[in-house]
Amino acid sequence: MDSIIVTGNGPLSGSIPIAGAKNACLTLMPATLLSDEPLTLTNAPRLSDIRTMSELLGSLGAEVSTLQDGQVLALSSHNLTSQRADYDIVRKMRASILVLGPLLARFGNAEVSLPGGCAIGARPVDLHLKALEAMGAELELREGYVHARAPGGLKGGIVDFPLVSVGATENALMAATLAKGMTVLNNAAREPEIVDLARCLRKMGAQIDGEGTGTITIQGVERLNGATHPVVTDRIELGTYMLAPAICGGEVELLGGRIELLAAFCEKLDAAGISVEETPNGLKVARKNGRIRAVDVATEPFPGFPTDLQAQFMALMCTADGTSVLEEKIFENRFMHAPELMRMGAKIDVQGGHATVTGVERLKGAPVMATDLRASVSLILAGLAAEGETIVNRVYHLDRGYERVEEKLGNVGARIERVKGV
Ligand code: EPZ
């Protein structure tokens, strides 16, 4: 297993290109199952999760070819041979459940392994299943698989989500495009990745209104066509790299960044004393003089503060002037980065869904362990400003969601290198 070694050093400067969004691409790719015509995705990120989704779609008989060094994905499910998503692939990536809605909508049957939980929580899929049942699906859970049928096809229905779920909204949205009649999704997720999916489905011929609001209305159609669609910018990669100059000083331009992708996050950066300025090519982030101010944060569904940036923001608060309270309201176990940050000298008290961080002058480098995707990058951010060397182990977590992190940070002056594991 590879490790990444970060040595704390001075201010950063330069620019970092932001890639296409992992969490948009992981729902755009299964959309190919809705049509027998080709779907081409541009601005695709080069990540192991994308390769896993390609492997899963391939196991169903779909064709996925990567062009232009992985930035273009050409997909086709013209010759699908199976509607069964096996556990050995699904267990590697929970987003695999997103093939369920499209398979059911197009073929009237699907067998998809239940994804396990993961480090940050149990991650149930009950809301995905309830949404499909509201569209007439007959579901049976047997031997760890969802056996889904829709004899005569799905029918439009009213889906009232009891809580906001990104994945369940995506599964329901894709399924509804081919259901007979109208479907209304109430309390739908509003994330930019949902808006991006709706825009791509509309290019394929779907009739969708209201994406980005809490109510999405879909009028089912007979069939969908192919399309070409650019994957939206990754707001989580964007926010992550905005924190690099925030943590160790300097000024960095994030190419392709847009404030509207991260308004709530930018408000917290401003409160902490970080300047964020829109430029013709993206966002310029600089740390004003003096110490970072401590800021309280609570994670919320979009447009609130993203849970996927909570670990990274905690790294910033570790050396803030004062005490900040971070409340994690989306997942039940998303503070595993805290004990690792404490190995670096951070003062953090975790009580249930709250972490209280008392800022210290400076962290000290140490060997630390990555536990999940966003926790691993928060340790790298902490290492950028720590005294001495930080060795982040198990960086395969990192490679799921961040392409070439050592190159992107190295290009703006960070002292960071990857050490190949044995
Ligand atoms: C998506 O996961 C993202 N993953 C996550 O990003 C992100 O943290 C999450 O949305 C929240 O924004 C992808 O898009 C591939 P949810 P998802 O359904 O769809 C509960 C990353 O780091 N819930 O919005 O699985 C669930 O347990 C990853 O890139 C149910 O109870 O998240 C959680 O507490 C991590 N039943 C809450 O809802 C369900 O059927 C929100 O989950 C579904 C979810």
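Only this structure's heavy atoms are used, side chains among them; waters, hydrogens and symmetry mates stay out. Order of appearance sets the numbers: ligands from 1, and atoms from 1 within every ligand.
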Exercise for review: Please identify which atoms of ligand 1 are closer than 4.0 Å to at least one heavy atom of Val125.
Suggested key: 39 (C), 40 (O)

**Study point:** Residue, atom name and distance, where the atom is the protein heavy atom closest to atom 38 (O) of ligand 1
**Key:** Leu163 CD1, 3.2 Å

**Study point:** Leu379 side chain reached by Leu341 side chain, heavy atoms, under 4.5 Å
**Key:** yes

Practice item. List the closest protein heavy-atom neighbour of atom 5 (C) of ligand 1: residue, atom name, distance to the nearest 0.1 Å. Key: Asp308 OD2, 3.8 Å

Exercise for review: Taking only heavy atoms of Arg334 into account, list the atoms of ligand 1 that are under 4.0 Å away from them.
Suggested key: 8 (O), 22 (O), 35 (C)

Check your understanding: Which class fits the ring pair Phe265 and Phe313: parallel under 30°, tilted 30 to 60°, perpendicular over 60°?
Key -> perpendicular

Exercise for review: Give the residue, atom name and distance (to 0.1 Å) of the protein heavy atom nearest atom 22 (O) of ligand 1.
Suggested key: Arg374 NE, 2.9 Å

Exercise for review: Could you walk me through whether Leu60 and Leu103 pass the side chain to side chain contact (heavy atoms under 4.5 Å, CB included) test, one step at a time?
Suggested key: CA-CA 10 Å; Leu60 303 174; Leu103 284 173; 4.2 Å; yes

**Study point:** Atoms of ligand 1 close to Leu373 [distance to a heavy atom under 4.0 angstrom, numbered from 1]
**Key:** 22 (O), 29 (O)

Check your understanding: Nearest protein heavy atom to atom 36 (N) of ligand 1, by residue and atom, and its distance?
Key -> Asp126 OD1, 2.7 Å

Check your understanding: To which protein heavy atom is atom 24 (O) of ligand 1 closest, and what is the distance rounded to 0.1 Å?
Key -> Val166 N, 2.8 Å

Study note, to complete from the structure: Closest to atom 4 (N) of ligand 1 among protein heavy atoms sits Asn23 ND2, 3.7 Å

Review point. With a 4.0 Å cut-off on heavy atoms, is Pro124 touching ligand 1?
Key: yes

